Amino acid sequence: MQGINITITVLIASIVCGYLTAFIAGFCRLSNNIILRKLTGLYVEVFRGTSLIVQLFWLYYALPILFGFDLGSDFWAGVLAISLNYGAYMSEIVRGSILSVAKGQTEAATALNMSSFQRMRLVIFPQAVRMMLPEFGNYLIQMLKATSLVSLIGMTDILYYGDILRSSNLSQAPTVYLLVLIFYFILALPLIFLTRKMEGISKKGVASG
Amino acid sequence: MGEPIVRYENVHKSFGAVEVLKGINLDLKQAEKVAVIGPSGSGKTTIIRMLMTLEEPTSGEIIVDGKNLWHMEKNGQLVPANEKHLRQVRGDIGMVFQHFNLFPHMTILENCMTAPIHVQKEDKKSAKERSIEMLEKVGLGDKLGNYPSQLSGGQKQRVAMARALVMRPKIMLFDEVTSALDPELVEEVLEVIRDIAHEGRMAMVLVTHEMEFARDIADRVLFLDGGVIAEQGSPEEVFGNSENKRLESFLRRFRR
Ligand SMILES: Nc1ncnc2c1ncn2[C@@H]1O[C@H](COP(=O)(O)OP(=O)(O)OP(=O)(O)O)[C@@H](O)[C@H]1O
Ligand SMILES: [Mg+2]
């Protein structure tokens with residue numbers, strides 16, 4: 001079936017950009033700079049408080065009209081919407097994980113005369129990442145599901161072709177959608193496997209006290 | 001011995017509206033071993049945390065090796081220290097915590113060699129060699145590749161000591177390092193501290209409830225009470241016949 005490669009490229013680009021956004025926004029929310037902190041806070045609330053479909057339509061339809069600002073392609077509009085949306089959710093995981101590393105860890109690192117950057121890089125961040133992994137894994141699968149929305153802005157992904165097939169032959173609708181379902185599940189399998197693996201890694205080596 | 005290696009000058013510390021330390025004056029001589037005793041909540045931990053830069057004094061000065069710890073000079077004026085200044089001054093200080101605070105994502109060996117490599121810029125090979133040597137010295141030469149979660153409390157605390165010692169501090173701070181341990185594990189940790197103390201090079205401040213141990217290794221004992229050093233002297237003086245009533249009643253609890 002066609003459309004798989006679209007779904008996969010949108011997914012991979014969204015994962016990369018989404019994680020990137022999550023880390024950048026997560027760190028900004030922990031920054032000492034009040035303006036940076038508030039601005040990222042606003043971004044997170046706006047993107048968590050509104051629906052992904054609306055954000056997608058905004059980026060694809062409204063932005064070019066209102067500001068004459070065109071993202072250039074439906075591909076980037078889709079990827080940007082998904083990564084900004086999930087980046088907002090995941091930035092909270094980044095922030096929460098970093099904050100939940102025990103205070104004694106920072107103190108021990110200080111007692112070894114590490115700089116604040118070294119404390120983050122060598123002690124806090126490696127432990128925080130282990131805590132993020134299971135949740136990040138769950139969001140991988142959610143992002144895969146979210147990619148189906150790009151068919152709404154005319155991208156020719158799996159769901160789009162499913163729709164086309166169905167409209168050409170209505171009686172086949174159940175079979176077609178069953179196929180679509182199976183495709184998504186097959187795509188999700190490696191992600192589920194990865195999530196398990198991430199959970200396994202995260203069980204080792206996190207400060208509990 | 002000349003200049004003290006650490007000097008507290010009228011140091012006060014408040015948490016919110018509560019003044020915990022009400023003017024601490026203290027000279028720590030090179031290589032001197034000082035035990036700090038006192039009732040719970042009297043501020044023993046706070047005193048050494050301020051020296052480790054984990055807590056900032058509300059007022060007063062702490063001088064380390066002739067350098068002001070919490071203030072630096074800028075255009076001829078004293079201003080609050082920045083991180084760079086703190087790092088310059090606290091480099092000779094090491095600390096061991098009540099709850100170990102080992103890095104759980106690193107092996108025992110990595111726990112020890114990370115700071116020498118990244119903080120002191122020592123080359124990897126020699127940092128590793130020295131770390132192994134130090135871990136052997138505290139009796140953990142066979143656990144190098146283990147993670148902290150695989151060790152007993154006593155073993156963890158010995159790793160924490162090795163980790164501090166490879167940094168070659170001139171001053172070592174111990175905050176009730178045995179009070180989180182099962183009773184049968186206390187002695188192995190005290191043994192290591194005794195060994196370091198007898199080598200004699202470092203100044204040591206030990207906050208402790210182990211009175212026997214304090215009497216054993218301390219050159220001087222401080223009794224902290226009511227936010228000040230209420231009594232101090234040699235172990236004989238403090239544990240002998242002190243006239244201080246509160247010290248007497250504090251010590252009586254340990255005699256039973
Ligand atoms: N970060 C903090 N915020 C508020 N109050 C604090 C803080 N740290 C310590 N205190 C208070 O300061 C007082 C002195 O604390 P400190 O831990 O120095 O006492 P301590 O002598 O070490 O007691 P213990 O023997 O129980 O360890 C206590 O009343 C404590 O509640
Ligand atoms: Mg204490």
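Order of the sequence lines fixes the chain letters, A, B, ..., with proteins taken first and strands second; residue numbering starts at 1 for each chain. Computed from a predicted model, the values in this text were never measured in an experiment.
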Taking the six-membered ring for Trp and the single ring otherwise, decide whether the centroids of A:F125 and A:F23 are under 6.0 Å apart.
-> yes

So what's closer than 4.5 Å to chain B heavy atoms on A:S116: side chain, backbone, both or neither?
-> both

Thinking salt bridges, do B:K137 and B:E133 make one under a 4.0 Å N-O criterion?
-> no

Among B:M167, B:R90, B:R163, which has the most heavy-atom pairs under 4.5 Å with chain A?
-> B:R90

Distance, nearest 0.5 Å, that separates CZ of A:R119 from CG of A:L112 = 11.0 Å

Residue B:I93 versus chain A: region with a heavy atom under 4.5 Å = backbone

Region of A:Q118 in contact with chain B, defined by heavy-atom distances below 4.5 Å | side chain

Does a salt bridge link B:K13 with B:E56, judged by any charged N lying under 4.0 Å from a carboxylate O?
-> no

Mark yes or no for whether A:N113, through its side chain, and B:R87, through its backbone, hold a donor-acceptor pair below 3.5 Å.
-> yes

Engaged part of B:F97 at the chain A interface, taking heavy atoms whose separation is under 4.5 Å | side chain

